[in-house]
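Here the structure comes first, spelled out in structure tokens, and everything after it is commentary.
Each chain gets a letter, A, B and so on, in the order its sequence line appears, and its residues count up from 1. Everything numeric in this text was worked out from a predicted model, so none of it was measured.
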Amino acid sequence: MTPQAKKVNRLGLEVLNYRGSKTTLCAGCGHNAISERIVECFYELGVDPMGVAKFSGIGCSSKSPAYFLGLSHGFNGVHGRMPAIATGALLANRTLMGLGVTGDGDTASIGIGQFMHLVRRNMPLIYIIEDNGVYGLTKGQFSATADVGSKLKTGAPNDLPPFDCCALALKWGATFVARSFSGDKKQLQAIIKTAIARGAYMKEHEEPLQELDFVPFFEDISVEIPEGEVREIEMHDGSRLRLRKLDRYYDPTDRLSALSALEEAEKNHEVLTGVLYVNTAKPTFLEVLNMAEEPLATLPESKLRPSPAALNEIMEELR
Amino acid sequence: MTPQAKKVNRLGLEVLNYRGSKTTLCAGCGHNAISERIVECFYELGVDPMGVAKFSGIGCSSKSPAYFLGLSHGFNGVHGRMPAIATGALLANRTLMGLGVTGDGDTASIGIGQFMHLVRRNMPLIYIIEDNGVYGLTKGQFSATADVGSKLKTGAPNDLPPFDCCALALKWGATFVARSFSGDKKQLQAIIKTAIARGAYMKEHEEPLQELDFVPFFEDISVEIPEGEVREIEMHDGSRLRLRKLDRYYDPTDRLSALSALEEAEKNHEVLTGVLYVNTAKPTFLEVLNMAEEPLATLPESKLRPSPAALNEIMEELR
Amino acid sequence: MSTLEVSPAERLSGQPERPAINEFSIQVATVNGSGSQTANSVLMRAIFQMGIPVSGKNMFPSNIAGLPTWFTIRTSARGYIGRRKEVDFLVAMNPETAREDVMQLGAGAAVVYDEPLKLDALRSDLHFYPVPFDKLVAPVCPEPRLRKLVRNMIYDGVLARILSIEMDEVHKALEKQFGKKKAKAAELNWNAARAGYDFAAATFTKTDPFRVERMNATAGKIIIDGNAACALGAMFAGVTVVTWYPITPSTSLVESLMGYMRRFRHDPESGKANYAIVQAEDELASIGMAIGAGWAGARSMTATAGPGVSLMSEFIGLGYYADIPAVIYDVERVGPSTGLPTRTQQGDILSNAILSHGDTRHPMFFPSSPEECFSLSIEAFDFAEKFQTPVFVMTDLDLGMNNWMSDPFAYPEKPIARGKVLTAEDIGKLGGFARYRDVDGDGVGYRTLPGTRHPAAAYFTRGSGHNDKAQYTEREDDYINNMDRLAHKFEVMRQHVPEPVTAIREDARIGLVAVGTSDYAVRECCDQLRDEYGVAASYMRLKAYPFTEHLKDFIRRHERVYVVDQNRDGQLLGLMRLEFDAELIAKLRSVRYYGGLPLDARTVTDEVVGQEGL
Amino acid sequence: MSTLEVSPAERLSGQPERPAINEFSIQVATVNGSGSQTANSVLMRAIFQMGIPVSGKNMFPSNIAGLPTWFTIRTSARGYIGRRKEVDFLVAMNPETAREDVMQLGAGAAVVYDEPLKLDALRSDLHFYPVPFDKLVAPVCPEPRLRKLVRNMIYDGVLARILSIEMDEVHKALEKQFGKKKAKAAELNWNAARAGYDFAAATFTKTDPFRVERMNATAGKIIIDGNAACALGAMFAGVTVVTWYPITPSTSLVESLMGYMRRFRHDPESGKANYAIVQAEDELASIGMAIGAGWAGARSMTATAGPGVSLMSEFIGLGYYADIPAVIYDVERVGPSTGLPTRTQQGDILSNAILSHGDTRHPMFFPSSPEECFSLSIEAFDFAEKFQTPVFVMTDLDLGMNNWMSDPFAYPEKPIARGKVLTAEDIGKLGGFARYRDVDGDGVGYRTLPGTRHPAAAYFTRGSGHNDKAQYTEREDDYINNMDRLAHKFEVMRQHVPEPVTAIREDARIGLVAVGTSDYAVRECCDQLRDEYGVAASYMRLKAYPFTEHLKDFIRRHERVYVVDQNRDGQLLGLMRLEFDAELIAKLRSVRYYGGLPLDARTVTDEVVGQEGL
Ligand SMILES: Cc1ncc(C[n+]2csc(CCOP(=O)(O)OP(=O)(O)O)c2C)c(N)n1
Ligand SMILES: Cc1ncc(C[n+]2csc(CCOP(=O)(O)OP(=O)(O)O)c2C)c(N)n1
Ligand code: SF4
Ligand code: SF4
Ligand SMILES: [Mg+2]
Ligand SMILES: [Mg+2]
């Protein structure tokens, strides 16, 4: 007798409430796939979008926060300096769930310094690097994560070794590090959900898709890899990517073995996916700072301005 | 019958010719000890100082290039961006021997991004980090290499993990990585000489020595450690440093074992010294760029400006 | 001006027919990433090849694919190649904007459109030509994957028919576009164009008044964008170290430079590069490398846009204070912040002039055409080394990224000038030197390059206080001497910057002053003032900052001088205000446009007319 | 003015004795890192405690130890606490500079010096007091390691004797300096001072005319440096997020803030910090964090100097364009580039006003005293949130790092003003909001903070084009609307910035205008003009940019107005030139000093006198 109930999550919100405005990225761009996963994960976990703040730098990937979680505040900052903005905002309001989305150019080229210092501080921020190995928005120059020997449309090869942001994050303080492939819906979902559950650094591997003028329309690349196995994926541009999924016996609490697993995969020209590292003990920067539990942003005047007596005391000392 | 000959090196230069102006650093500062080693090494190896270019950022350490190799051109740039200046200068004149000297604040705090990208490019530059764990020149704040738990004069402890610049350099492309202690004359000399012989990245460990107003006069700390052994050094400020010298069986050509040796030492709260890594095969950035052998700076006009025929050819294409 | 051969089938809402041979504008509305750029270039080039002055302006979004894009082509028998706001001929390919595009047209305009859009229902005062693009493309392009690309070429054919563009020239333009290597693609496109032409010929009776007629106004000319022209200038200036970080609209400057350098600057014998081009990790690094290279004796440059310049601020202050040459191309886009990355503005003039903390002043060159992009680039490199200082070459997105008709570039007459560099022999003769001593009275000291083999050659460069021997100092007198020398050097530059281009009308009581791409609008504006209002106006186009005496003279001889700025705050005017006497300032008026599109004459004219109370 | 009790033993070179009670200056020449700071502070404080107006200026090198340092103390019964160039009483401790220091003295000056330096041989027109410091220090300080430190305190004792400074006050000052906890150190120092006093008493016959006499002009006053005063201002303004990167001369601002916040801003119950202070990795990060925090609703600040501001340029442009509050303290030092890091200047005024590419304008507050450091800080935080924009608080090394006598600070009267922030309830009532819509006509839109629990609360902030709903746009009209709103907002700020301090002399034909620390010199200059030249001069000290109507009125009512700038290029004057009518500009004259020392009255007076042709 009741009309068919709309599907809602535990907060009573529909998946619609987790979407953003229409994407202006290219059809088939892996960034869109990640945006979709973000929508699903936040919806399914029933996260209050009004308690989330989105952060990004500049790039195609960095535009994507406009395309999900429309009920969340978002800040699309300047190129490569998202970590600083996110840090400031989360200091201002530690109750926010911070979600940063950037690109490999944004993070590994111009932004590697801020990225490393962010990691070092262990800021509680979900940090997603949508890594396609190139600068998409400026039409396809190499970023600092491009593989040695990978080629631009013009044929120019990349001669420099890639920064592995996962390894950096691992080595310098991140407490959750995972990698997936934008086309592996299941794994990506699982990882994003874990990250949401505890705050994390992540890096999603993707395909370079840029063109010079004409941008072909691509279908999403989709793949499912069993645990412990390797699959070779063909990208839109014809290049190939060997993905190895961590097996079930992998222990993600051991930082050193995580590092060597990455080294090992690098040697075999494989990209390791899965949850690489988890550390639940380490205090976040907010804890290190011994900050009040309430958001600083909305403290009442009584907590912001010391009393006249305090001023007198100080003046007396200075006499 | 001839008056006693002055001691000269193979170029006929005296050690005097390798000195710079009088240091304005604090007495007992480890930076001075390193300057002295630089003077000795360049003198003893008979390097032509007129073929050397010195680079630095900003800081006490970065001032030191004025205090050695007075016959070399020097460039004391801006804070944290020495790698860019050095890269540009060495591109302009690839025949120069580049010698960069900076501090831990200069390299690991503000400059970590440029440092990593420099390493990634494998620029042929001797890069010495005079690491005292603090900002000397601004009176003693922590840098990003300060050990966890180390304390400022004010008693404030450092809570954040240090960047290990040697590990970073190792992991992302440096072809010579070594570490020493400013007080270990012999080892430091040996390392600097090897670096001069082939171009390298190095990091010298030192002691924080800053004071707030009154700067005590200290004698140089001097130490000699046998290979493979550990010594605990007491610093001017009373803190202690455990130095482990690599033993003679260590194989510096294996990047992975170098990385794990560093990890191992970190776990044991030891600082590993010695030549950590050497790679003689990897092409430098200059080679990757396929640059002419002559310095670009002094190419004749005939090599700089294409012919009228070339211009005509281009104009024709554009018609 | 001439009679029309075709008379419209129906009279449109009492609009008088305008003269429309070689004097109209076309706008193609499409989405980016759909491959329309080829079709648009071919169209423009075909008209150009018919000897008709033409200009093309691409208005594209800051994303990669799927958003609205407009390309306008203006033909002008009278040679006006600035933007014209009015659209005479619309090609409506984008369903999203078609309605608004059509509604904005003036009465009597013509519209070629994708038939399913049914735009003819919107208005009755336009000439409509519906084209079934999808139907036409299928037979000429069997591979469905490529149809989206080739589809646009159909409108080239349709337009060729309706506007009397010669199909031969379309064919030639296509061949030029694709080169020998892509003959296959060229053929596909040619078939599409033909299909469009044939369809139009079979279907339409021409009702609009617009068409082209062969002229002889483009003979010998080239088509090139300003960024490529700057790249050529840099190459012929002998640039050796190029550092950059990608940013719209400067990216294509370095990317063309790469292409040209690969062809023309490798050693013919060894095959080695007589240059280095480095994509840096960001703009702090790119300018740092350029400064390092300039210090070590390279001719160095970097190219960027507003956000990059902001990041370069600290280093450029170092370059100023330590007397280090470098050329910085600032291809301006709409600021502040990220702003509108794919729109044009002259928004960095004031901040660049005084960039960085402390007292600084930086010279700027303002090319207004591809020719000047070439020639002023060469001058800029000489200037930077002559005065040992960072020099800005200021262009903008309009100049940099649009294709321009241009006279071919003249091979530089003067040899490369490297400024005051002492060799080991010089030092030997002089017995030494003081790096920052003003020996010649021009504020410029002599320098040596690192690697110079003489014991007195070395000096120590620093951004901290230094005396004339380049030694560290904190002395009041040393500091003041050095700063005064730098100020004097800037004064001396006034005698050496490129002179302005001046068109004095003896009877003029007003004058206009502009830089860069404002040139086209201002020249046309002067004609509009004369033809429509009977007002004589002189015009001075500056090529450089610091200003020269010419500008003061120009202001003196006029009652009022309109300074044209493509920014909100009247930045060029601001620079004049900073230094001129009050009596000159009293004569200055501001004309500002800052909407992000290339400046058009009507905007300037209306503003001047309004302020003059005409 | 009063008779001297001591008559000089020998008449010195016919110099007339100047009145010298409480009206002279002392200079202590030493090397830095030698612990002289304590001795100097104690000296200054003892005089202050005797009720005599006093000021101290530290001229120190940019290194840590071993280079020449000068500390000058000026006593002034008339209350002039600006720098005075002439030194009356030299304490020569530094062998390296002693000769030059002595040679620069005017005839009749006095010199206390380290005996082995034998300075009395240099001139015969000075009063010399040789002191065997090493001999005196040994008995009072058995531990050789500490002698270097304590040695300086001896001259405090010597000076106390010669200048009639009360030893009780020296003792009190010492106790103040060392606090209860360091009683041991205090005692050691006290013994040294006593040794100096006793030695002088036993040895010297006073021959110079300088001495102090108790007054009552400092009762209730405090001594504080401007950086600490700014820190207190920020704390009482309710700052919550402080981000910084160390740089001279701003470092001590944040370091004092840390100390005060630790004491006064932890929750009394939980002990937790009601704030966060973060040492960032560089200035790009520190301003980025401050902007992020300001966006999320914190009262955020950062503190830096010129090189830092240059690095912050891109982010501050973002703050302007996206309407984000933040307070930036710029403690100015001598630029450009690294410049003279330990010298003072007002060199960032012009570049900060228009910082970043594109059209921008940033408000600046100019405190001139510790009191204003406090009160204008509080205003600045309110202003930043009220107008949702980055605000500069401009001080300089002179104000920031020197100790100043000051009235105690008044507790703020007004409650904290957080500007237009909508809560979830507000949104509920309004049914929604448009972030950048100018609802109130002041150019300031309403904002919500992230975390606001209402489905219509969120908006998306970006440095790219946005319409009034904060949506992405590349439309010409949206862009212009937004830029016009920002320009209008800046105009509205004129009504809300702190008003200038004006001293009109009805008979004055000339006026002076200045900001910040120029105040002391200019006020004294006005008196000099009156007393020495019989010229009346009005004076306006601006507290803020944008300028208000007051300034225009001030210029209008005078024939000529001298704008005093502590920089080479007349930057404050430049800002006026950018916006004023020519008739006002015609009246402006420039007085510039840029040698890096605190400005002194004589320099200003001489310049005005010269230009006035007096
Ligand atoms: C300071 C600055 N420099 C350069 C740019 C130009 N720019 C915009 S996006 C981008 C690269 C983005 O690459 P990435 O982060 O990998 O994102 P993608 O587009 O590949 O998703 C660059 C260089 C800019 N916006 N700002
Ligand atoms: C852009 C900029 N920010 C800050 C400073 C101030 N500063 C000068 S040196 C320095 C730290 C130097 O530390 P380090 O590199 O470790 O050198 P050290 O003095 O310890 O040898 C800082 C922050 C500066 N000069 N420039
Ligand atoms: S250009 Fe590349 S990164 Fe950008 S939207 Fe298109 S496919 Fe994605
Ligand atoms: S402050 Fe520290 S780093 Fe600087 S010179 Fe002194 S001891 Fe060395
Ligand atoms: Mg990318
Ligand atoms: Mg250090």
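Contact annotation for A/S72: only backbone heavy atoms (N, CA, C, O) come within less than 4.5 Å of a heavy atom of chain D. With a 4.5 Å cut-off on non-hydrogen atoms, A/P83 does not touch chain D at all. Neither the backbone nor the side chain of D/A456 comes within contact range of chain A, judged by heavy atoms closer than 4.5 Å. Of the two parts of D/A237, only the backbone, made up of N, CA, C and O, holds a non-hydrogen atom closer than 4.5 Å to a non-hydrogen atom of chain A. Both the backbone and the side chain of D/N274 come within contact range of chain A, judged by heavy atoms closer than 4.5 Å. Looking at D/S286, neither its backbone nor its side chain comes within 4.5 Å of chain A, counting heavy atoms on both sides. Of the atoms belonging to D/H454, it is backbone heavy atoms, and not side-chain ones, that fall under 4.5 Å from chain A. Residue D/F381: no heavy atom, backbone or side chain, is found under 4.5 Å from chain A. With a 4.5 angstrom heavy-atom cutoff, D/Y260 touches chain A only via side-chain atoms. Interface residue A/T298: only side-chain heavy atoms are found under 4.5 Å from chain D. Residue D/A285 touches chain A through both its backbone and its side chain, counting heavy-atom pairs closer than 4.5 Å. Heavy atoms of A/L90 lying under 4.5 Å from chain D are absent altogether. Interface residue D/L318: only side-chain heavy atoms are found under 4.5 Å from chain A.
The candidate with the highest count of non-hydrogen atom pairs below 4.5 Å against chain A, out of D/A290, D/G238, D/P450, D/G288, is D/P450. Looking only at heavy-atom pairs under 4.5 Å with chain D, the residue among A/T87, A/N312, A/L71, A/L311 that has the most is A/L311. In terms of heavy-atom pairs under 4.5 angstrom with chain D, the leader among A/E293, A/M82, A/R81, A/K54 is A/R81. Taking chain A as the reference chain and counting heavy-atom pairs below 4.5 Å, the highest number among D/S464, D/P415, D/S270 is found for D/P415. The candidate from D/I291, D/D282, D/L284, D/T243 with the greatest count of non-hydrogen atom pairs under 4.5 Å with chain A is D/L284. When each of A/G20, A/S56, A/P65, A/G70 is scored by its heavy-atom pairs under 4.5 Å with chain D, the top score falls to A/P65. Taking A/L96, A/L13, A/N93 one by one and counting their heavy-atom pairs under 4.5 Å with chain D, the maximum is reached by A/L96. If you tally non-hydrogen atom pairs under 4.5 Å between each of D/V278, D/V239, D/I277 and chain A, the highest count goes to D/V278. Looking only at heavy-atom pairs under 4.5 Å with chain D, the residue among A/E316, A/M291, A/K63 that has the most is A/M291. Comparing A/L296, A/T24, A/L286 by how many heavy-atom pairs each has under 4.5 Å with chain D, the most go to A/L296. Of the listed residues (D/Y411, D/F48, D/Y275, D/Y472), the greatest number of heavy-atom pairs within a distance under 4.5 Å of chain A belongs to D/Y411.
Counting all heavy atoms, side chain and backbone alike, D/T240 lies closest to D/R265 at CG2-NH2, 3.7 Å. The nearest pair of heavy atoms linking A/M97 to A/I196 is CE-O, 3.3 Å. Annotation for D/I316 and D/P390: closest pair O-CG, 4.0 Å, computed over non-hydrogen atoms.
Using a 4.0 Å cut-off between a side-chain N of Lys or Arg and a carboxylate O of Asp or Glu, D/R45 and D/E175 do not qualify as a salt bridge. Using a 4.0 Å cut-off between a side-chain N of Lys or Arg and a carboxylate O of Asp or Glu, A/E317 and D/K176 do not qualify as a salt bridge. Note on D/E385 versus D/R447: salt bridge recorded, some NZ/NE/NH1/NH2 to OD/OE distance being below 4.0 Å.
A donor-acceptor contact closer than 3.5 angstrom is absent between the side chains of D/T304 and D/W244. A/T23 and A/N32 share a donor-acceptor pair across their side chains, judged by distance under 3.5 Å alone. A donor and an acceptor atom, one from each side chain of D/R435 and D/Q388, are located under 3.5 Å apart. Looking only at atom types and distance, the side chain of D/H466 has no donor-acceptor partner in the side chain of D/Y321 under 3.5 Å away.
By the 6.0 Å contact criterion, NZ on D/K469 is open, its count of non-hydrogen atoms from other residues, nucleotides or ligands being 12 or less.
Of the options D/R299, D/R418, D/K414, a side chain to side chain donor-acceptor pair (under 3.5 Å) to D/D382 is made by D/R299 and by none of the others. Of the candidates A/T107, A/D104, A/D106, A/S143 forms a side chain to side chain donor-acceptor pair (under 3.5 Å) with just one, namely A/D104.
Residues of residues 228-236 of chain D placed with any heavy atom under 4.5 Å of a heavy atom in chain A are listed by number as D/L232, D/M235, D/F236.
Side-chain atoms of D/E314 never come within 3.5 Å of backbone atoms of D/L311 as a donor-acceptor pair (strictly under, hydrogens ignored). Panel note: side chain A/E301, backbone D/I416; a donor-acceptor pair is recorded below 3.5 Å.
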Run the side-chain donor-acceptor check on residues 41-50 of chain A: report pairs under 3.5 Å with partners two or more places apart or on a different chain.
residue, atom, partner, partner atom, Å
A/E44, OE1, A/K193, NZ, 2.5
A/D48, OD1, A/M50, N, 2.9
A/D48, OD2, D/R453, NE, 2.8

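Separation of atoms CD1 (D/I378) and CZ (D/F409) is listed at 9.5 Å; rounding is to 0.5 Å.
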Inset, instruction - Take A/E294 and A/K303 through the test salt bridge (charged side-chain N to carboxylate O under 4.0 Å, His left out) and record every step on the way to the result. - result: CA-CA 11 Å; A/E294 303 156 76; A/K303 300 204 172 188; 3.0 Å; yes
